[in-house]
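The block underneath contains the structure these notes are about, expressed in structure tokens.
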There are 2 protein chains.
Amino acid sequence: MLGTDFFMELSNRGIQPSIQRAKILEFLWKERIHPTADDIFDHLHHEIPTLSRTTVYNTVKLFTEHNILQPLVIEDKEIRYDIDTSLHGHFKCESCGNIFDFKADNEGSAGIRELEGFQIRERHIYFKGLCSSCSNLK
Amino acid sequence: MLGTDFFMELSNRGIQPSIQRAKILEFLWKERIHPTADDIFDHLHHEIPTLSRTTVYNTVKLFTEHNILQPLVIEDKEIRYDIDTSLHGHFKCESCGNIFDFKADNEGSAGIRELEGFQIRERHIYFKGLCSSCSNLK
DNA sequence: GTAATTATTTGTAATGATTACACATTTGTA
DNA sequence: TACAAATGTGTAATCATTACAAATAATTAC
Ligand SMILES: [Mn+2]
Ligand SMILES: [Mn+2]
Ligand SMILES: [Zn+2]
Ligand SMILES: [Zn+2]
């Protein structure tokens, strides 16, 4: 998707493009943070003064349905969205609030006795604590 | 804690006992589900007609601070409480809503390169999908 | 034991992210 | 251009959780 048109990317994914959707996708793609819908709104409403919060909520929902986005529930009352939909772990720093990715073993998925006969659709792994920067600030 | 007094148990844990606190602890201990604060309230307000929702919220917060309880954030807008504070995984069935425990590997905690220098305070693993009962209902 | 102090409980009012909804705008099509 | 469908917008509702202040119960001081 590097350097390409986000309009085109939306089309390719079977989503009717719009300025709002393209800008939201661009933001998610370029800034590789794990923003909330509100974070996205706050960042974009300068560029698109008419942007509505509802549009952001609708769009992240749409993207999620198209598997472009993965919602992360780490804190209650805060859904974050990750454009990396692969299986990986998340670390949320309780001090700065940043979220960090880490590699998480895929194993353990199959060999769990208690889940015999279960249909697993989603896997989530998250840790909490202090990131190295915040740890160093004593 | 089997067959003992929950008042005593609270004292032992350094918590001033009360009827409300003891009943909440008893419920959490005996029913080994992962209830929300509201679930606890719904179950107990028959026994204790004067019980306030706020008391339940205050109590689960108190218990959490004393590490008697572990809050689980799996869905937004729903905090569940687990009296088993050990590290284990949770499976939430998207059909019946029940939560199942499973053993989760402790390993992977240390050897994660991306988290070098990070202070890990909490580890959470949860899956979603269909439990075996709900899977069998086709 | 009674009064004063402190802790606990209760009910109601606020909070705040998300959702519902109705209307406005834009887009696609004939 | 004209109409229909899709998309976007703003406001109002939702609902679990939290804040708060008054009521009640427990503990301590005398
Ligand atoms: Mn991620
Ligand atoms: Mn559990
Ligand atoms: Zn940090
Ligand atoms: Zn089920």
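The analysis underlying the following values was restricted to heavy atoms, covering all of them including side chains, and did not include hydrogens, waters or symmetry mates. Numbered from 1 within each chain, the chains take letters A, B, ... in sequence-line order.
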Practice task
Check each residue of residues 69-76 of chain B for a non-hydrogen atom within less than 4.0 Å of any atom in DNA chain C, then write out the ones that pass by number, or none.
Solution key: none
Practice task
Check the surroundings of atom NZ in K103(B): do more than 12 heavy atoms from other residues, nucleotides or ligands lie under 6.0 Å from it?
Solution key: no
Handout entry: Derivation of the side-chain contact (heavy atoms from CB on, under 4.5 Å) call for L69(A) and I83(A)
Key = CA-CA 5 Å; L69(A) 234 48; I83(A) 199 157; 4.1 Å; yes
Exercise for the section: Applying ring-ring contact (aromatic ring centres under 6.0 Å, His included), run through F63(B) and Y81(B) and close with a yes or a no. Expected result: CA-CA 10 Å; F63(B) 285 2; Y81(B) 292 91; 9.6 Å; no
Without decimals, in angstroms, what is the distance between [X] [atom1] and [N] [atom2]?
{"X": "Y57(A)", "N": "dT11(D)", "atom1": "OH", "atom2": "P", "value": "16 Å"}
{"X": "I48(B)", "N": "dA25(D)", "atom1": "CD1", "atom2": "C1'", "value": "15 Å"}
{"X": "K77(B)", "N": "dT17(D)", "atom1": "NZ", "atom2": "P", "value": "11 Å"}

Mind listing the N/O atom pairs, protein and nucleotides 5-8 of chain D, below 3.5 Å?
unit_1: dT7(D); atom_1: OP1; unit_2: R21(A); atom_2: NH1; d: 3.2
unit_1: dG8(D); atom_1: OP1; unit_2: S18(A); atom_2: OG; d: 2.3
unit_1: dG8(D); atom_1: OP1; unit_2: Q20(A); atom_2: OE1; d: 3.2
unit_1: dG8(D); atom_1: OP2; unit_2: R21(A); atom_2: NE; d: 3.4
unit_1: dG8(D); atom_1: O3'; unit_2: Q20(A); atom_2: NE2; d: 3.0

Handout entry: Those residues that, when tested against F41(B), pass ring pair (Phe, Tyr, Trp, His ring centres under 6.0 Å) (two or more places apart)
Key = H45(B)
Completion exercise
Partner of dA16(D) under the Watson-Crick or G-U wobble criteria, both distances under 3.5 Å, comes out as dT15(C)
Handout entry: Qualifying salt bridge (charged side-chain N to carboxylate O under 4.0 Å, His left out) pairs with a residue from residues 83-93 of chain B, counting only residues at least two apart or across chains
Key = E75(B)-K92(B), E78(B)-K92(B)
Exercise for the section: Can you run down the salt bridge (charged side-chain N to carboxylate O under 4.0 Å, His left out) pairs that involve residues 31-45 of chain B, sequence neighbours left out, and say none if there aren't any? Expected result: D38(B)-R53(B)
Exercise for the section: Compare all side-chain heavy atoms of E26(B) with those of E9(B) and state whether any distance is below 4.5 angstrom. Expected result: no
Handout entry: Considering all heavy atoms, the nearest A104(B)-I125(B) contact
Key = CB-CD1, 3.6 Å
Handout entry: Segment of DNA chain C, first to last nucleotide, that comes within the 4.0 Å heavy-atom reach of chain A
Key = dA17(C) to dG28(C)
Practice task
Could you check F118(B) against I112(B) for side-chain contact (heavy atoms from CB on, under 4.5 Å), going step by step and ending with a plain yes or no?
Solution key: CA-CA 10 Å; F118(B) 284 47; I112(B) 298 170; over 6 Å; no
Exercise for the section: Kindly indicate, with the supporting measurements, whether the criterion side-chain contact (heavy atoms from CB on, under 4.5 Å) is fulfilled by E65(B) and L62(B). Expected result: CA-CA 5 Å; E65(B) 285 161 1; L62(B) 181 73; 4.3 Å; yes
